[in-house]
Amino acid sequence: MLRLGARACVATSSGNTGSSLATYCARYGIICAILVNQHAPQGKLEQMQAHGARVFRVRDFITSPTVTRNVYRRLSELAEQRALPLVVSAYRYCPEGMAGVEPIAEELRRQSALAIDHVFVPVGSGGLFTAVCRGFRKQSGLMPRMHAVQPQGCSTVVAAFERGDSEIQPVESTTRISGLAVPFDIDARLALEHLRASGGKGFAVTDEEVFEAQRMMLDQEGIYSEPAGATALAGLRQALADGTVRRDDTVVCLVTGHGFKDPDSVRQAAARYDARLIEESQLEDSLSGVIRSCA
């Protein structure tokens, strides 16, 4: 944008792209307008707004394929008429920006002591999945099997994979997993091609399986993730159950969003453990109960 001399931009986001964009726009004095779904989590909206982005919650955007398609059409026309950058985390709209995501593959190889057998990626538009696959293909060495994981309530890539065709059919999104609700083809067809070329599989998981994976990450790994970021783990659990992955394989799950982005989901996870108000005189008895449960 700086190279183009842009002083303003428009964008769409489920939260993470918008938060990052708002941060950099604040730093470089660029006016930033972001369109989001009406149900976007408050944590994501607050980060965008805190950096000065003008946020517009569009009714039925993302959940309805018709509304979503019309929004993108209108935005594309407006961006062209006003010479405004249109920022969408997809190759279809921002190939230069998405190329900057491809080095994730290099980082994974560099950080893994063993050859990676499987990579599980949460899929919404398909841009991230495509970028990581392209990143691996630019390197020497064996290509890991790349697996796409989507919520059952918005399964575009995985549904096409399971049907055995190349048609990305639009769906009415019913998932509660913010960030992965993209009901029609943006980069989905690209992702499907890379999925098949890598020898990977598609996994459609329920929202409850995602929330359970999020709780597992919080409880057992100390990873503070939003639900979309836990979706890859939900897919891995399916892959272990059906034999796609063996327990001695080297596996990577991409965690794509911090827990503070979706405070409601974290609040629900935290509600499993109470924060009791006690008197000083109750201290020993209260702690003894906790210690006994650990014995």
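The first residue in the sequence is number 1, and the count goes up from there.
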[X], [atom1] atom: more than 12 neighbouring heavy atoms under 6.0 Å:
X      : atom1 : result
Gln38  : CD    : yes
Glu107 : CD    : yes
Arg74  : CZ    : no

Quick one: does any side-chain atom of [X] pair with a main-chain N or O of [Y] as donor and acceptor, under 3.5 Å?
X      : Y      : result
Ser20  : Thr17  : no
Ser64  : Phe61  : no
Thr68  : Ile62  : yes
Gln150 : Val157 : yes
Thr231 : Pro227 : yes
Gln152 : Asp207 : no
Ser288 : Glu284 : yes
Gln238 : Ala204 : yes
Arg189 : Asp187 : no
Ser112 : Ala115 : no

Same cluster or not: Leu236 versus Leu218, using hydrophobic residues (I, L, V, M, F, W, Y) connected whenever any side-chain heavy atoms lie under 4.5 Å apart?
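Not linked; separate clusters.
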Joint hydrophobic cluster, Val121 plus Leu233, side-chain heavy atoms closer than 4.5 Å
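Per the 4.5 Å side-chain linkage, Val121 and Leu233 are not co-clustered.
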To which residues is [X] joined in a hydrophobic cluster, defined by side-chain heavy-atom contacts under 4.5 Å among Ile, Leu, Val, Met, Phe, Trp and Tyr, whether direct or through other members?
X      : answer
Ile30  : Met1, Leu2, Leu21, Tyr24, Tyr28, Val87
Tyr273 : none
Leu287 : Leu283

Under the side-chain contact (heavy atoms from CB on, under 4.5 Å) test, residues paired with [X] that sit two or more places apart:
X      : result
Val252 : Leu108, Ile116, Val119, Leu254
Arg82  : Leu78, Leu84
Asp117 : Asp249, Thr250

Do Val123 and Val158 come within less than 4.5 Å of each other through their side chains, counting heavy atoms only?
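Answer no - side chains too far apart.
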Would you say that Pro144 contacts Arg109 through its side chain, given a criterion of any heavy-atom pair below 4.5 Å between the two side chains?
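Yes, side chains in contact.
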Once salt bridge (charged side-chain N to carboxylate O under 4.0 Å, His left out) is applied, do any residues pair with [X], and if so which ones, sequence neighbours excluded?
X      : result
Arg276 : none
Arg267 : Asp264
Glu162 : none
Glu212 : Arg237

Ring-face cation of Arg69 near Phe184 (centre distance under 6.0 Å, axis angle within 45°):
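Satisfied, under 6.0 Å and within 45°.
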With Gln214, which residues qualify under side-chain hydrogen bond (donor to acceptor under 3.5 Å, both in side chains), at least two apart?
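If we apply the side-chain hydrogen bond (donor to acceptor under 3.5 Å, both in side chains) test to Gln214, skipping adjacent residues, the hits are Ser265.
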Would you please name every residue forming a side-chain hydrogen bond (donor to acceptor under 3.5 Å, both in side chains) with Arg57, sequence neighbours left out?
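With neighbours one apart ignored, the set is empty.
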Consider only side-chain N and O atoms of Tyr72 and Thr12, and report whether a donor and an acceptor are under 3.5 Å apart.
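On atom types as modelled, these side chains qualify, holding a pair under 3.5 Å.
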Is the Phe120 ring parallel, tilted or perpendicular to the Phe203 ring (thresholds 30°, 60°)?
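Rings of Phe120 and Phe203: tilted, as their planes differ by 30° to 60°.
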